[in-house]
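Numbering of residues begins at 1 and proceeds along the displayed sequence.
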Amino acid sequence: MTTILLIVIYIAFIGLGVPDSLIGSAWPAIHLELSIPVEMVSILTFLISGCTVLSSMFSTRILNKLGTAKVTAFSTAMTALSLVGFSLAPSFWFMIPLAIVLGLGAGAIDSGLNNYVALHCKASHMNFLHCFYGVGVSLSPYIMSQAFENVGWRGGYRYAFYVQSAIAILLIISLPMWKKSSSEEQAEEEKGVTLTLLQMAKNRDVQKVWVIMLMTNAIEYACGVWGSTYLVEEKGFSIEKGALALTIYYVGMSLGRFLSGLLANKIKTWKRIFIGSVILAPAIVIMLLPLPNVFAVLGLFLIGLGNGSIYPNMIHLTPHNFGKEVSQSIMGSQIAFAYIGVMLAPPMVSLISGVFGIKVYPILLALLYVVMVITLKCFVNCLKKQGRYKKDI
């Protein structure tokens with residue numbers, strides 16, 4: 001793979017991240033302007049994530065037919081159109097079809113690029129790739145916080161549309177580079193064997209990975225969607241400071257992935273996953289304790305720092321854990337379950353906080369963390385018993 005193409009793939013992951021944090025940072029203003037309950041955000045996040053699940057689940061056949069490059073370019077353009085639609089939305093109901101388009105575009109990008117990099121690049125590149133995703137999700141709350149001061153949340157969505165459109169144009173221009181850098185052997189490797197969902201569901205190791213992916217992304221998105229609202233409603237932050245604090249959370253996530261990539265040659269992949277899970281523990285304890293408001297921001301930052309490296313490193317291990325020939329199928333299913341976590345976490349927070357109040361938010365984060373750590377430990381033990389634990393990767 002050429003350096004230029006790798007840079008293009010990194011930039012494509014910025015585009016994947018740009019839409020993901022917009023709704024969380026903009027929602028405190030959106031629900032006030034449109035006079036709708038704050039809990040309605042869960043409908044949009046559910047639709048976006050649900051369509052991402054569908055797109056990821058069926059991505060193997062689409063990617064085998066059209067190729068990673070074309071699917072990524074087209075899907076990025078889809079997400080750009082969705083963003084400009086959000087900026088023009090006259091009502092909440094107008095946002096529903098836009099959420100569907102946004103979700104369908106995101107799933108294909110995520111599955112295709114993750115498998116491409118897992119097959120052809122080192123672990124450091126996978127972490128840097130997801131670091132650039134962190135750049136995208138960090139950029140959006142910052143854009144939105146600046147937009148609040150001048151043009152409002154609609155202007156923030158327009159600015160994000162400009163960024164996304166530029167990335168889509170870059171991907172279209174780069175299409176010939178993908179053909180030059182891919183040998184026939186790589187193309188066959190990328191296609192691999194297509195497994196059905198039932199075949200994968202019968203594999204207990206795959207089941208455990210699905211749970212891990214679901215939980216780590218549930219934590220990520222519970223923070224991304226509800227972190228700002230929690231700070232505004234429970235801690236008394238202004239809307240602008242809540243959006244800025246969310247940027248700090250995503251900076252922590254980006255930093256965790258950057259450091260994981262930087263240390264990839266010195267600290268092996270599984271150990272980096274364990275380190276990330278250990279950092280999460282004190283982060284969630286900080287969120288649980290009645291400390292001054294600044295500690296809530298610190299807690300979110302540390303959650304991003306620790307949790308940020310788990311997802312890309314698990315993704316990188318997919319061909320090593322299950323074999324290259326089936327990695328695209330399992331990759332698609334992993335990402336689908338990751339987005340099931342994304343889909344279920346916000347409405348779960350909405351439902352439970354609607355009954356007990358937003359103060360229970362940190363307790364929900366703690367429960368997700370406990371399930372993830374227990375399942376991760378079980379998966380590692382199974383791999384060790386089968387002699388498939390790759391501690392030297």
Side-chain heavy atoms of F379 within contact of M314, under 4.5 Å: yes
Non-hydrogen atoms of A336 and S56 that approach each other most closely: N-CB, 3.7 Å
Side chain to side chain, W226 and S350, heavy atoms closer than 4.5 Å: yes
Side chain E220, main chain G308, donor-acceptor under 3.5 Å: no
ILVMFWY cluster, V371 and I219 together (side-chain gap under 4.5 Å): yes
Side-chain (T72) to main-chain (I109) donor-acceptor, under 3.5 angstrom: no
Over all atoms of both residues, closest heavy-atom pair of L288 and A366: CD1-CB, 4.3 Å
S238 side-chain N/O to K241 backbone N/O, donor-acceptor pair under 3.5 Å: yes
Nearest-0.5 Å distance that lies between atom CG in L367 and atom CD1 in I284: 9.5 Å
side-chain hydrogen bond (donor to acceptor under 3.5 Å, both in side chains) evaluation trace for N114 with H130: CA-CA 9 Å; N114 271 306; H130 285 266; 2.7 Å; yes
OG-CE distance between S333 and M213, expressed to the nearest 0.5 angstrom: 9.0 Å
L365 reachable from V211 in the ILVMFWY side-chain graph, under 4.5 Å edges: yes
Non-hydrogen side-chain atoms of M40 and L34 separated by less than 4.5 Å: no
Neighbour count above 12 (heavy atom, 6.0 Å) for K70 NZ: no
Approximate separation, where rounding is to 0.5 Å, of I358 CD1 and K235 NZ: 11.5 Å
Exercise: identify the closest heavy-atom pair between A296 and L231: CB-CD2, 3.7 Å
Between NZ on residue K208 and CG on residue L383, distance to nearest 0.5 Å: 9.0 Å
same_hphob_cluster(V278, L259) at 4.5 Å side-chain heavy-atom cutoff: no
Side chain to side chain, V41 and H31, heavy atoms closer than 4.5 Å: no
Shortest non-hydrogen contact from F128 toward G261: CZ-C, 3.5 Å
Give every donor-acceptor pair under 3.5 Å between a side-chain atom in residues 82-106 and any protein atom, sequence neighbours left out.
residue, atom, partner, partner atom, Å
S82, OG, L98, O, 2.7
S87, OG, V84, O, 2.6

Heavy-atom neighbours of Y142 OH exceed 12 at 6.0 Å: no
R204 atom CZ, over 12 foreign heavy atoms within 6.0 Å: no
Pairwise side-chain contact, E233 with Y361, heavy-atom cut-off 4.5 Å (strictly under): no
Can you list, pair by pair, the side-chain donor-acceptor contacts under 3.5 Å of residues 5-17, counting residues two or more places apart and other chains?
residue, atom, partner, partner atom, Å
Y10, OH, H125, ND1, 2.9

Side-chain (T318) to main-chain (I315) donor-acceptor, under 3.5 angstrom: yes
From CG (N321) to OH (Y389), nearest 0.5 Å: 10.0 Å
Over 12 non-hydrogen atoms of neighbours within 6.0 angstrom of CD1 in I4: no
Side chains of R272 and S260, donor plus acceptor under 3.5 Å: yes
Test log, rule side-chain contact (heavy atoms from CB on, under 4.5 Å), inputs T269 and H316: CA-CA 8 Å; T269 305; H316 173 72; 4.0 Å; yes
Shared hydrophobic cluster, L244 / V135 (ILVMFWY, side-chain heavy atoms < 4.5 Å): no
Cluster overlap V38 with F356, hydrophobic side-chain contacts below 4.5 Å: yes
Donor-acceptor pair, side chain of T52 and main chain of I48, under 3.5 angstrom: yes
Residues, nucleotides or ligands: over 12 heavy atoms within 6.0 Å of F274 CZ: yes
Residue pair S140 / S25: nearest heavy atoms and the distance that separates them: O-OG, 4.4 Å
Straight-line distance of F132 CZ to L139 CG, nearest 0.5 Å: 12.5 Å
Closest heavy-atom pair and its distance - S329, M200: O-SD, 3.6 Å
Side-chain heavy atoms of Q146 within contact of Y159, under 4.5 Å: no
T229 versus W27, side-chain donor and acceptor atoms under 3.5 Å: no
I'd like a table of donor-acceptor pairs (distance under 3.5 Å, sequence neighbours excluded) in which one partner is a side-chain atom from residues 299-307, with atom names and distances.
residue, atom, partner, partner atom, Å
N307, OD1, T216, OG1, 2.6
N307, ND2, T216, O, 2.9
N307, ND2, T216, OG1, 3.4

Min side-chain heavy-atom separation W210-V206 under 4.5 Å: yes
Flag, side chain of R257 to backbone of N127, donor-acceptor distance under 3.5 Å: no
F258 atom CZ, neighbour heavy-atom count above 12 within 6.0 Å: no
Check: D205/Q386 side-chain N/O donor and acceptor closer than 3.5 Å: yes
I273 backbone acceptor or donor facing N313 side chain under 3.5 Å: no
Minimum side-chain heavy-atom gap Y157-I30 below 4.5 Å: yes
Neighbour count >12 (heavy atoms, 6.0 Å) for atom OH, Y369: yes
